[in-house]
2 protein chains.
Amino acid sequence: MAEKISDAEFEVLDALWEAAPAAASEVAARLKRRKNWSAQTVKTLLARLVEKGAVAHAPDGRRYLYRPILSKDAYARNAAKSFVDRLFDGRAAPLVANLADSGRLTKDDIAELEAILKELKRDRR
Amino acid sequence: MAEKISDAEFEVLDALWEAAPAAASEVAARLKRRKNWSAQTVKTLLARLVEKGAVAHAPDGRRYLYRPILSKDAYARNAAKSFVDRLFDGRAAPLVANLADSGRLTKDDIAELEAILKELKRDRR
DNA sequence: TAGGTTAGTCTACAATTGTAGTCAATACCG
DNA sequence: CGGTATTGACTACAATTGTAGACTAACCTA
């Protein structure tokens, strides 16, 4: 596991996270709106994801149904970790500060964050 | 600007952010600890960064001094945006929740976050 | 001043990535 | 049943990325 997933592969995986299992054609259809990829391209990317162990495929009649092995949550967890490590010295606070600076925090976000923090303080003893 | 910066290129840029301007050999020396790259590799990567417009170089005697054009802050801002967009639906709160779940928030982080939020609430009317 | 040291320039080359095309088998439609 | 559409398998191919080596000019040192 943990083979690097490329940008294009990520898009496909993301489409699979939307709903799985799904046939290649379904995935391609979902991506059609965002990307302008041919069906073949999507199939190639699915195959690469399978090779990389991020996606499983099981025969269903004469086609395959694909299903993510790597969950979005697990992926996000990892990505968040390495992202924060690389750019924010492993600490979340500067990241939030940065998001705040670039005006990416809505009032709702702020309220939600406060709630999360309250939770955290309660939980940790 | 905004040409895609690869992982290896990022490492070099990151070393340049540490202190600039710097000669290629200095950058290579800094990276020596983390990566085991040859001096040539570092030079190639610097050249690519220059091509991509992320780094400037000015002659200094018979060598060049390199200096980042793209600041770490600007880079981080962008990266944070697209990162949050891709994985957290553009919203910071779920990201923080995720970091919290994976135990990546220290008590200090939490305190700091609270301070940031307080600031934010004050600032925005 | 001759030989090592250091910088820059050019070239290399396999692996990965983005983006499909072709072909063959199967299935469905009229 | 015969054509058309669908699906997977195999192949392709340029651009980017990772990782340097070779060669040359200039410097520094004994």
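Lettering follows sequence order; numbering is per chain, from 1. Note that this is a predicted model, so its numbers are computed, not measured.
For the segment residues 5-15 of chain A, residues with any heavy atom less than 4.0 angstrom from an atom of DNA chain C are, sorted by number, A/Ser6, A/Asp7, A/Ala8. Across residues 19-34 of chain A, not one residue has a non-hydrogen atom less than 4.0 Å from an atom of DNA chain C.
A/Asn36 comes within 4.0 angstrom of sugar-phosphate atoms only, judged by non-hydrogen atoms across all strands, and of no base. Using a 4.0 Å heavy-atom criterion, one finds that B/Ser38 contacts the sugar-phosphate atoms exclusively.
Atom CG of A/Leu45 is separated from atom P of C/dT16 by 15 Å (rounded to the nearest Å). Rounded to an integer number of Å, the gap from OH of A/Tyr64 to C1' of C/dT26 is 14 Å. Rounded to whole Å, atom C1' of C/dA12 lies 11 Å from atom CZ of B/Arg48. Between B/Lys52 atom NZ and D/dT16 atom P the separation is 8 Å, expressed in whole Å. In this structure, A/Arg63 places its CZ atom 18 Å from C1' of D/dA9, rounding to the nearest Å. In this structure, B/His57 places its NE2 atom 15 Å from P of C/dA7, rounding to the nearest Å. Separating the NZ atom of A/Lys4 from the C1' atom of C/dT16 is a distance of 12 Å, rounded to the nearest angstrom. C/dA20 atom P lies 15 Å from atom CG of A/Leu46, rounded to whole Å.
The side chain of B/Thr41 has D/dT19 as its nearest neighbour among D/dT17, D/dT19, C/dT19. Comparing atom distances between the A/Thr44 side chain and each of D/dG8, C/dA20, D/dA20 picks out C/dA20 as nearest.
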Under 3.5 Å, sequence neighbours excluded: what are the donor-acceptor pairs made by side chains of residues 53-63 of chain A?
from: A/Asp60; atom 1: OD2; to: A/Arg63; atom 2: NE; distance (Å): 3.2
from: A/Asp60; atom 1: OD2; to: A/Arg63; atom 2: NH2; distance (Å): 3.3

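With sequence neighbours excluded, the residues satisfying salt bridge (charged side-chain N to carboxylate O under 4.0 Å, His left out) with A/Arg34 are A/Glu11, A/Asp14, A/Glu18. Looking at residues two or more places apart in sequence or on another chain, you find a salt bridge (charged side-chain N to carboxylate O under 4.0 Å, His left out) between B/Lys81 and B/Asp85. Residues that satisfy the salt bridge (charged side-chain N to carboxylate O under 4.0 Å, His left out) test with A/Arg48, not counting sequence neighbours, are absent from this structure. Residues passing the salt bridge (charged side-chain N to carboxylate O under 4.0 Å, His left out) test with A/Asp7 are B/Lys4, B/Arg86, sequence neighbours excluded. Among residues two or more places apart in sequence or in another chain, the side-chain hydrogen bond (donor to acceptor under 3.5 Å, both in side chains) test is passed with A/Ser102 by none. Residues passing the side-chain hydrogen bond (donor to acceptor under 3.5 Å, both in side chains) test with B/Asn98: none are found, sequence neighbours excluded. Judged as a side-chain hydrogen bond (donor to acceptor under 3.5 Å, both in side chains), and not counting sequence neighbours, the contacts of B/Thr41 are B/Ser38.
Judged purely by atom type and a 3.5 angstrom limit, A/Arg91 has no side-chain atom pairing as donor or acceptor with the backbone of A/Phe88.
In this model, the phosphate group of D/dG21 is not approached by any side-chain N or O of B/Lys43 to a distance below 4.0 Å at OP1 or OP2.
Annotation: ring-ring contact (aromatic ring centres under 6.0 Å, His included) contacts involving residues 11-52 of chain B, sequence neighbours excluded, comprise B/Phe10-B/Trp17, B/Trp17-B/Tyr75.
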Return the polar atom pairs (N/O with N/O) between nucleotides 22-26 of chain D and the protein under 3.5 Å, or none.
from: D/dA22; atom 1: N6; to: B/Gln40; atom 2: OE1; distance (Å): 3.4

